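The structure presented is a predicted model; accordingly, all values stated were derived computationally and were not measured.
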Amino acid sequence: MKRELAKELAETIMKRFPRAEEYPYRPWSYPQGYLLIGMSKLWEKTGERELLEYIRAFCDSRVDSDGGIKGFTGCSMDDMMAGAILVRMYELTGEERYAAACRNIYKAFADYPRTREGGFLHDRYRYPGEMWVDGVFMGQMFYCRYGRAFGEPSCFDEAKRQLELIYRYCHSHDGLLVHAYSEDNLAVWAGEKGKSGYIWSEGLGWYALILSEILDIVPEDHPAWTTAEGQLKELLKGLLALQDKETGLWYQVVDQPEREDNWCDVSGSAMFTYAFRSALRRKTVRGAAYEEAAARGYEGVLSRAVVNERGLVDIYGACEGLCVQNSYEAYVHYPQKINGQEAVCGCLWAAAVSEQEC
């Protein structure tokens, strides 16, 4: 019998965390957005009422009657990300309090700090001058959804600018981006032209996901869609050559698979698998090589999802909450954790799209 990992993971998450606020690491931050958008994708496939009720319970508990959001500060891209699920709830319900909450998050972008060329920094107060690949995902997950739901095409213009800038700042080779950029080389990790030194699996995964999401959200006749399509094609072509032949996964430092102590990371690999499968569904890419990459990637994800003695799914082979690091050794020796918050969500996304396509 074919395994239904998406369903297994969703049930496991709801048992471990009966309220989404309990999901690590804060009651309101990017993990809730990442998790609940994944739940939403699965709900759209299955129509399982329990999934929608879980999402609705979180939104109800965080948003008051006037659109105030419990826990929202607007101080970082991580904080903006959770707003993506509020946009989805507004689309589903039409409730004015959700519209007001979304407008509050949208307004927080107005005075948010940027690079001189307009790239959103990762945080208002910490990490001065730093734009991270992670942050492009976090911010644009909300911004593009807001543009669609509220008829604001300027949001799509902004998405195009953010994609172009992060590519200019962080592109290394073959469509692959390093983790972050430091304007004026302020960060200790900043190298030539302010780039960080390494292509981190999960960081590149955030980039793969936001390109995929933009292609699903932004109208095809908008220039942002063309930008995202071109960048995604280049990225997926680059990833083909770097997939591990034995496991179907990709390495923690993606482009240095032969280097000592490097290891296969399921979190970034799940993100890449989602991007490959989504691109095939959309016909952004075609052909046996891409089909094989998506299938082998998902086999690798399944191999890291182990049912324990309590009947719950444990995800092995990833880190948790990893910021920009200053050396190869720091990336590959960062502690791994069973059920890292990002890895669980990434596997949920990969399972939802992979099983949908089977």
Side-chain angles (χ1 to χ4, degrees), residues 5-6 9-10 12-13 16-17 20-42 58 76-85 122-123 132-142 177 179-180 198-213 249-254 263-275 278 297-298 300-302 304-306 313-325 330-354:
L5 178 60
L9 267 179
T12 291
I13 291 163
R16 283 183 169 143
F17 309 103
E21 292 97 324
E22 298 167 347
Y23 195 75
Y25 73 113
R26 293 177 182 167
W28 173 277
S29 192
Y30 74 91
Q32 280 76 28
Y34 193 17
L35 169 65
L36 295 174
I37 291 294
M39 292 280 199
S40 175
K41 291 177 184 294
L42 183 57
F58 173 79
S76 73
M77 286 293 113
D78 291 351
D79 201 48
M80 304 293 198
M81 162 58 189
I85 198 60
H122 195 68
D123 193 280
W132 298 6
V133 177
D134 319 32
V136 178
F137 172 81
M138 305 304 172
Q140 296 311 305
M141 281 289 287
F142 171 82
L177 274 59
H179 193 169
Y198 300 94
I199 300 169
W200 171 47
S201 174
E202 192 179 288
L204 191 63
W206 294 126
Y207 175 61
L209 290 187
I210 196 56
L211 295 175
S212 301
E213 290 292 279
L249 302 173
W250 284 264
Y251 281 79
Q252 172 79 337
V253 178
V254 177
W263 50 275
C264 289
D265 163 52
V266 75
S267 184
S269 296
M271 294 162 152
F272 301 149
T273 298
Y274 179 91
S278 295
Y298 191 51
V301 169
L302 288 171
R304 299 295 180 89
V306 180
V313 180
D314 289 326
I315 301 295
Y316 289 82
C319 300
E320 180 176 87
L322 194 151
C323 297
V324 187
Q325 302 296 306
Y331 279 106
V332 299
H333 293 141
Y334 200 89
Q336 296 182 37
K337 181 179 178 180
I338 301 171
N339 297 324
Q341 63 213 20
E342 298 89 354
V344 171
C345 295
C347 290
L348 176 63
W349 280 49
V353 71
S354 296

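Between Met77 and Trp132 there is no side-chain heavy-atom pair separated by less than 4.5 Å. For the pair Tyr298/Val353, no side-chain contact is recorded, criterion being any heavy-atom separation below 4.5 Å from C-beta on. Counting heavy atoms from C-beta on, the side chains of Trp263 and Val332 come closer than 4.5 Å. Side-chain contact between Ile85 and Leu35 is absent, with no heavy-atom pair separated by less than 4.5 Å. Between Met138 and Met80, the closest side-chain pair of non-hydrogen atoms is not below 4.5 Å. The side-chain heavy atoms of Leu249 and Arg304, taken from C-beta on, include a pair separated by under 4.5 Å.
Nearest heavy-atom pair, Ile210 versus Val136, reported as atom, atom and distance to 0.1 Å: CG1-O, 4.0 Å. Contact between Ala6 and Leu42 at its shortest, heavy atoms only, is O-CD2, 3.6 Å. The two residues Gln32 and Tyr23 come nearest to each other via the heavy atoms NE2-O, 2.9 Å. Between Ser201 and Gly268, the shortest heavy-atom distance links the atoms OG-CA, 3.2 Å. In plain terms, the two heavy atoms of Trp206 and Val133 that are nearest each other are CB-O, 4.3 Å. Ala20 and Phe58 make their closest contact through CB-CD1, 3.8 Å (heavy atoms, listed as atom of the first residue, atom of the second, distance).
Between atom OG of residue Ser29 and atom CE of residue Met81 there is a gap of 9.5 Å, rounded to the nearest 0.5 Å. Between atom CG of residue Leu322 and atom NZ of residue Lys337 there is a gap of 13.0 Å, rounded to the nearest 0.5 Å. The structure places CH2 of Trp200 at 5.5 Å from CG of Asp134, a figure rounded to the nearest 0.5 Å. Atoms OH and SG, on Tyr274 and Cys347 in that order, are 14.0 Å from each other to the nearest 0.5 Å. Note: Ile37 CD1 to Tyr30 OH = 15.5 Å, rounded to the nearest 0.5 Å. One finds the CG atom of Leu209 at 5.0 Å from the OH atom of Tyr34 (value rounded to the nearest 0.5 Å).
Scored by the salt bridge (Lys or Arg N to Asp or Glu O under 4.0 Å) test, Arg26 finds no partners at all (sequence neighbours excluded). Taking Glu213 as the reference, Lys41, Arg145 meet the salt bridge (Lys or Arg N to Asp or Glu O under 4.0 Å) condition, with sequence neighbours excluded. Partners of Asp78 according to the salt bridge (Lys or Arg N to Asp or Glu O under 4.0 Å) rule, which considers only residues two or more places apart in sequence or in another chain, do not exist here. For Ala82, the side-chain contact (heavy atoms from CB on, under 4.5 Å) partners two or more places apart in sequence, or in a different chain, are Trp28. Residues forming a side-chain hydrogen bond (donor to acceptor under 3.5 Å, both in side chains) with Glu202 (at least two apart in sequence, or on another chain): Ser267.
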Give the intermediate values and the outcome of side-chain contact (heavy atoms from CB on, under 4.5 Å) for residues Trp349 and Leu9.
-> CA-CA 10 Å; Trp349 280 49; Leu9 267 179; over 6 Å; no
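Looking at Ser40, its side chain never comes within 3.5 Å of a backbone N or O of Leu36 through a donor-acceptor pair. In this structure a side-chain-to-backbone donor-acceptor pair under 3.5 Å is missing from Gln341 to Asn339. In terms of modelled atom types and a separation under 3.5 Å, the side chain of Ser269 and the main chain of Trp250 share a donor-acceptor contact.
Ring planes of His179 and Tyr331: tilted class, angle from 30 to 60°.
The salt bridge (Lys or Arg N to Asp or Glu O under 4.0 Å) contacts involving residues 340-354 comprise nothing, where partners must be two or more places apart or lie in separate chains.
Side chains of Gln252 and Tyr198: no donor on one and acceptor on the other come within 3.5 Å.
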